[in-house]
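These notes are about the structure you will find just below.
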Number of protein chains: 2
Amino acid sequence: MAPLRSARLKTPPPPAPDFRDRILTGHCVAQMEALPAKSVDVVFADPPYNLQLAGDLHRPDQSRVDAVDDAWDQFESFQAYDAFTRAWLLAARRVLKPNGTIWVIGSYHNIFRVGAILQDIGYWILNDIVWRKSNPMPNFRGRRFQNAHETLIWASRDQDAKGYTFNYDSLKAANDDVQMRSDWLFPICTGGERLKDDGGQKLHPTQKPEALLARLLLASTKPGDVVLDPFFGTGTTGAVARRLGRHFVGIERDAAYVEAAEKRIAAVEPLAGESLEIVAGKRAEPRIPFATLLEAGLIEPGTQLTDAGRRHVAHVRADGTVSVAGEAASIHRVGARVQGLSACNGWTFWHVEAEGELKPIDELRRLVRERMALRHVGG
Amino acid sequence: MAPLRSARLKTPPPPAPDFRDRILTGHCVAQMEALPAKSVDVVFADPPYNLQLAGDLHRPDQSRVDAVDDAWDQFESFQAYDAFTRAWLLAARRVLKPNGTIWVIGSYHNIFRVGAILQDIGYWILNDIVWRKSNPMPNFRGRRFQNAHETLIWASRDQDAKGYTFNYDSLKAANDDVQMRSDWLFPICTGGERLKDDGGQKLHPTQKPEALLARLLLASTKPGDVVLDPFFGTGTTGAVARRLGRHFVGIERDAAYVEAAEKRIAAVEPLAGESLEIVAGKRAEPRIPFATLLEAGLIEPGTQLTDAGRRHVAHVRADGTVSVAGEAASIHRVGARVQGLSACNGWTFWHVEAEGELKPIDELRRLVRERMALRHVGG
DNA sequence: TGAGAAATTGAATCGCATA
DNA sequence: TTATGCGATTCAATTTCTC
């Protein structure tokens, strides 16, 4: 087929200048309109949230909270915010390949408007994803629930687009052989990962954690894919894309952010092809032996494990096995046996009693993983 | 004051028929419009979101949307859903007390539209809450993330309504003394809690767990409050409200659901009053002027007050003010000034010397409160 | 140099009663 | 209705300070 189509052209088309792995300085809508249509595989967007903050907020120790009061987050009305949102979402849709998908992150201030407009202009929502923050800012006045999460929407370009990329098997393998859920737990971006200016102040008010970007890129792109970020900021998307062997296109208005992003991305060491395979596969999250929970002191030998319905009881042994009626085996095997099944995910089946509530031992494993991730960043 | 107002009325108003603890059969908008304005404390709504139900949707004026056939396109469906949503949210807002709040639960299919319309018609979002399902249904096709959560929006009737009920201290105490987060973990409604028909099939497709309703009612209502549920279904809201000593108003079209709900609620044993008591925080304590400590003889004019680090010294004056360097003001103002802050809690900042030890004057305030309580009990 | 204490900080739509 | 002033309110993690 391809030769036939080429034959129609009198001269071959000039090679398009490669727009990949660059940061375009300017307004996101104008810059996206200058890009070729149907040219990117995934869009990740972290748009302004349109926070509407009244006055200053102080912590109980009277220190002032450094709020996001930047001019780019100020809109006159919901209507103005909607018009802006519609414009950039339309521009992004033109640039997306037919099987492309889009990610947008936001909070309750803006995400409902974003989601409704996505639906209005033809995107088809595949999932909403909750980023649960392990260390969110508290609610200082005690007037609401602690705002401990943000929301991401993942959508395909069209309702009938079935060929979008979703690396189901590698996600499942990375998640101890259970499907990846729609709620993800990550710490906010702090410490060494957080970019600072010369004065040691945060360079960008809303820098996102690389782990979040890595999860969503590993889920929805293949190596070599192109990821467009129209609100590039200090380039988290570009840094993670480069590390994971994906191409990026960044759009950013603020020259200081562009400069910081370029420096940051240049310092990223791309993973070798083979480790990319591994990252995409089973080792995206480390496998945690049950014994690690004992080693970490999160569970004691002799502890009773029960299922959610308290129908079965097992005892934890010091060697990392569990026993029922004198017979000991792994949490998975014992879980399967008491249920008369051939297999069982012991991590979600078994629970421990903590403060009157049963909680799955999977929560303890998550704690271990968080600690490991933090240690890794720190080292 | 009350006699004056009564005097204006020629005759006492006829006793309004009590609409509480009843299930009204009919369309939610029409039934809400028949309720008195500003009469309920909280609305909980679990609206339909399946766009297949579009044929049952009604316009704000109650006319039936002309759903021709399955040839509806997406745009028309969203429009119809939006009109329906706007209609019932407006009707609910009229019925809410000025300090009332509303809860709406939904999934990514509808929650973004609900949230945007809430904002459009004047509600003010307080939190979005994620219900993390501990046992969600798996994704069978392997083409998306496991949809493991639903979203609730909690909103006040108006932006400037500050007097809504939020039992912060109660929630914090129940949560191991850390403030309650915006992500809640509950199992889906199964087992004995799930209502079944004669054939053993689930009676309602989306019955919500009572634990979820209990959490949100305990957070946002007081005993005796009225909770309106315009999509009552099989009456989870009513059952939990009755158990927790709250009143309910249910609206439901389906007679079979109404019958099941009535039976269910009648079987609920309300908790005794004492187990319903809400943990009261310091805000609920009676206010004690500093001068009361002098009147009670617990502190003498001329006494030296210092902060915990003995960096600052103030002198108590007979009128209940304190002075530093000749300038007198309240314990709070002076505490703020010596620290160079805009605010300060003088009760915890200032200390008195007693038996060689510094103790905060807040302890003296506690003594006064105890005496008041005793006197109250004695009299 | 090390251990422990103290300070800092993060997308935040963050009072309420009385006069 | 508006202005005033009391006095209540934070979690996790990192970084800096102190002994």
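Values below: every heavy atom of this structure, side chains too, minus hydrogens, waters and symmetry copies.
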When the distance from [atom1] of [X] to [atom2] of [N] is rounded to whole Å, what number comes out?
X: B:Asp177; N: D:dC11; atom1: CG; atom2: P; value: 9 Å
X: A:Arg194; N: C:dT8; atom1: CZ; atom2: P; value: 18 Å
X: B:Asp128; N: C:dA12; atom1: CG; atom2: P; value: 14 Å
X: A:Leu57; N: C:dG10; atom1: CG; atom2: C1'; value: 12 Å
X: A:Arg132; N: C:dG10; atom1: CZ; atom2: C1'; value: 18 Å

| task | Could you tell me how the ring of A:Trp103 sits relative to the ring of A:Trp184: parallel (under 30°), tilted (30 to 60°) or perpendicular (over 60°)? | result | tilted
| query | Do B:Trp124 and B:Tyr164 have their ring centres less than 6.0 Å from each other? | reply | no
| said: Distance check, rounded to the nearest 0.5 Å: A:Phe44 atom CZ versus A:Leu212 atom CG? | reply: 6.0 Å
| request: Please confirm whether any donor atom in the side chain of A:Lys133 sits under 3.5 Å from an acceptor in the base of C:dA11, or the reverse. | output: no
Between the protein and nucleotides 6-10 of chain D, which nitrogen or oxygen pairs are less than 3.5 angstrom apart?
from   : atom 1 : to       : atom 2 : distance (Å)
D:dC6  : OP2    : B:Ser330 : OG     : 3.1
D:dG7  : OP2    : B:His332 : NE2    : 2.8
D:dG7  : OP2    : B:Trp347 : NE1    : 2.9
D:dG7  : O3'    : B:Asn345 : ND2    : 3.4
D:dA8  : OP1    : B:Arg365 : NH1    : 3.1
D:dA8  : OP2    : B:Asn345 : ND2    : 3.0
D:dA8  : OP2    : B:Arg365 : NH2    : 2.9
D:dT9  : O2     : A:Phe140 : O      : 3.1
D:dT9  : O4     : A:Gln62  : NE2    : 3.1
D:dT10 : OP1    : B:Tyr168 : OH     : 2.7
D:dT10 : OP1    : B:Lys172 : NZ     : 2.5

| said: Give me each pair satisfying side-chain hydrogen bond (donor to acceptor under 3.5 Å, both in side chains) with a member in residues 149-159 of chain B, each pair once, sequence neighbours excluded. | reply: A:Asp128-B:His149, A:Ser182-B:His149, B:Arg93-B:Asp158, B:Thr101-B:Trp154, B:Lys133-B:Glu150
| Contiguous pairing runs of three or more, Watson-Crick or G-U under 3.5 Å, that involve DNA chain C | C:2-10 with D:11-19, C:15-19 with D:2-6
